[in-house]
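One structure is given below, encoded as structure tokens.
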Amino acid sequence: MPAETGDRRQHGDGTGEPEGRAAAADAQSGAPVTERGQASPEGDQAEPPQRHPYDPRAWALWQRPKRFIAFLFAMEAIGIAIMVLATMDSANPERIDWVRFAILAVGATAHIQLTQRQEERRRDRSRTVLIDLTAVWTFPAAVILPLSLTLSIIALVRIQHWFIARRPAHNFVFSSVTHGVSVTLASLTFAAFGPHEWGRISGWDTLGEFGVLIIAGMVFEAVQIAYIGGILAIGSPKRPSMSTVLGNAADNLLEAITIGLGAVTAVLLLIMPPMVIVMAVVTVVFNRLAEIDQLQNDARTDPKTGVLNMRGWSESADRALGRTARSDDNLALLMIDLDHFKWINDTYGHPAGDDVLRDVAQKLDEVTRPADVIGRFGGEEFLVLLPDIDETAAKLAAERVRSAIAELHIVTTDKRGSRVTISGRTTSIGAALFPRHGESLEELLHASDAAVYVAKENGRNQVRFAQDVERTTPPPPALGPPGG
């Protein structure tokens, strides 16, 4: 679940949004800019005052939408109030608490410093949320330490991450508050089921404590979803998708594993404290595995649209085709070609064309099934492989895709950085069926590509199926001369 784009579940800086591009376009053109962000009247040579980076009026925060700013400040105020009130009622640390605090602090510091380069690389490559492994240290602090020491662990982790994240200050502060309120509410939840004396429980009582840990972990995660998912959704100029707000399945699996490792760290800290050093090694290994997984995903993903590139799509499609052939099922392949896409680039500019491609890819993900394989063929063409589907269902699926794309309203910018909405875009779709139109992926691609050309020649904005392929039955092998 959300951590940060670039730092546990941290929201992005918005540089890829229309507002950011508009400002960049104005800056590159050299046009004077007024307070409203519009070019000054011709002949007005007045330049805006240059502000020092530390001047609050120069903060990037004020360039964000008003609802974004309001949500950010409101959630920060609520989070800080919760932390202050909870800390005032928390118990004073005892000597053993300070020892446990020191162990967690050393482990967290070792983890952060040993994985710093990996985290920097992962942040640079991350496009949505990024899950790190600091919950291995912050979650056990929430369930074991007094709240004042738990928040001190958060402060220690966040100060060190400041030099790695390199994000706008308002992003970093919001993410830090998110961490603080998540451990605070997890700590209060765990304490509500207390007292907890793990060293004296056995048998069925351990199941009860295990359940309490799960509940605390769910609260820990739910707070981050509310904070980071909310800011990502509100800050997006378009309708956000589940993957961009909450992360993909792999992200959330890593988050669940991280919280589980945090629970293990808590048990070790209470029963066998020296073994906590093992968790520092584990976090380094898991960080490396997460980076490898991200690299593998990047190698198979189209960076512009977020769907599979041709390499990743071909690998997945080949596997799906193999399963279909072995089970004697049907399969369909859709080739989707956006009509007059060059006109979009020529009229509005290539950034607008990129926004159209991204929105189309997102819409394809919404209107297809989880088992369907979506990829970018190249340029303005997409591929969708539909396993376990007959001709009638394939026609319905293709028409659903065509109409969904036609109904898109894509908010983007023109060549001058002004906001525009592109709508009414049409597509020509070619479809091919396995095994009717081909028995290999290459044959299906050729058949669907030919069907796309038929659709375009007949007026575009339509679905066409490939022509049936006549297949001759090979003659039986000739019998050899009788032996003897």
Side-chain angles (χ1 to χ4, degrees), residues 128 239 241-244 246-253 296-297 299-338 356-408 427-449 451-452 455 462-466:
T128 53
R239 185 173 65 178
S241 66
M242 292 292 290
S243 60
T244 56
L246 302 181
N248 56 35
D251 293 332
N252 290 285
L253 176 60
Q296 291 175 337
N297 184 65
R300 302 176 71 250
T301 303
D302 174 52
K304 191 168 290 187
T305 61
V307 299
L308 294 172
N309 59 21
M310 198 56 197
R311 172 186 172 182
W313 184 87
S314 297
E315 293 173 353
S316 298
D318 271 327
R319 289 194 294 268
L321 186 60
R323 290 192 297 268
T324 299
R326 288 191 297 271
S327 59
D328 199 26
D329 288 332
N330 296 317
L331 175 148
L333 173 62
L334 305 182
M335 182 175 287
I336 302 160
D337 192 307
L338 305 183
V356 171
L357 293 175
R358 275 190 289 270
D359 278 38
V360 168
Q362 180 177 325
K363 180 56 66 174
L364 289 175
D365 184 61
E366 292 174 2
V367 300
T368 54
R369 304 170 301 178
D372 297 337
V373 185
I374 306 170
R376 185 181 177 203
F377 188 56
E380 67 272 21
E381 292 179 312
F382 293 87
L383 296 169
V384 180
L385 192 79
L386 307 168
D388 190 24
I389 197 169
D390 58 21
E391 181 176 358
T392 302
K395 288 180 179 179
L396 292 174
E399 283 294 339
R400 184 166 61 250
V401 167
R402 186 196 62 77
S403 60
I405 294 175
E407 293 170 0
L408 280 174
T427 56
S428 299
I429 301 177
L433 299 171
F434 170 87
R436 178 173 160 185
H437 301 130
E439 295 183 349
S440 69
L441 197 57
E442 184 178 3
E443 290 177 348
L444 291 172
L445 284 169
H446 280 300
S448 58
D449 185 50
V452 167
Q462 57 187 271
V463 177
R464 289 286 176 148
F465 270 71

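Taking CG from D365 and NZ from K363, the interatomic distance works out to 10.5 Å, rounded to the nearest 0.5 Å. One distance of note links CG of L333 with CD of E443; it measures 12.5 Å at 0.5 Å rounding. Between the CG atom in D359 and the CG atom in L408 there is a gap of 6.0 Å [rounded to 0.5 Å]. In this structure, E315 CD and M310 CE are separated by 11.0 Å, a value rounded to the nearest 0.5 Å. Taken to the nearest 0.5 Å, the CZ atom of R326 stands 9.5 Å off from the CG atom of L321. Here the OG1 atom belonging to T301 is positioned 10.5 Å from the CZ atom belonging to R311, to the nearest 0.5 angstrom.
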Derivation of the side-chain contact (heavy atoms from CB on, under 4.5 Å) call for R400 and T368: CA-CA 9 Å; R400 184 166 61 250; T368 54; over 6 Å; no
Show, in sequence, the C-alpha distance, side-chain angles and deciding distance for I429 and V401, and conclude whether the side-chain contact (heavy atoms from CB on, under 4.5 Å) test is met. CA-CA 9 Å; I429 301 177; V401 167; 4.0 Å; yes
Before you tell me yes or no, could you show the steps for L334 and V463 under side-chain contact (heavy atoms from CB on, under 4.5 Å), namely the whole-Å CA-CA distance, both residues' side-chain angles and the distance that decides it to 0.1 Å? CA-CA 9 Å; L334 305 182; V463 177; 5.8 Å; no
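You'll find the side chain of L444 reaches within 4.5 Å of the side chain of L331, heavy atoms only. Side-chain contact between I336 and I405 is present, with heavy atoms from C-beta onward closer than 4.5 Å. Side-chain contact between N330 and L433: absent, with no pair of heavy atoms (C-beta onward) separated by less than 4.5 Å. Residues F382 and T305 form a side-chain contact, since some pair of their non-hydrogen atoms from C-beta on lies under 4.5 Å apart. The shortest distance between side-chain heavy atoms of R323 and D329 does not fall below 4.5 Å. By the 4.5 Å heavy-atom criterion applied to side chains, L364 and D372 are not counted as neighbours.
In plain terms, the two heavy atoms of L386 and A397 that are nearest each other are CD1-CB, 4.0 Å. Residue V373 comes nearest to A317 through the heavy atom pair CG1-N, 4.4 Å, listed as atom of the first residue, atom of the second, then distance. S316 approaches L308 most closely through the heavy-atom pair OG-CD1, 3.9 Å. For the pair A432 and S448, the tightest heavy-atom approach, listed with the atom from each and the gap, is CB-N, 3.9 Å. Smallest separation of non-hydrogen atoms from M335 and V452: O-CG2, 3.4 Å. Considering every non-hydrogen atom in both G312 and N309, the closest pair reads N-OD1, 2.8 Å.
Salt bridge annotation for K395-E399: absent, with no cationic side-chain nitrogen under 4.0 angstrom from a carboxylate oxygen.
No donor-acceptor distance shorter than 3.5 angstrom exists from the side chain of E439 to the backbone of P435, with no hydrogens or angles considered. Side chain of W313 to backbone of R376: no donor-acceptor contact under 3.5 angstrom is found. Listed for the H437 side chain is no donor-acceptor partner under 3.5 Å among the backbone atoms of A447.
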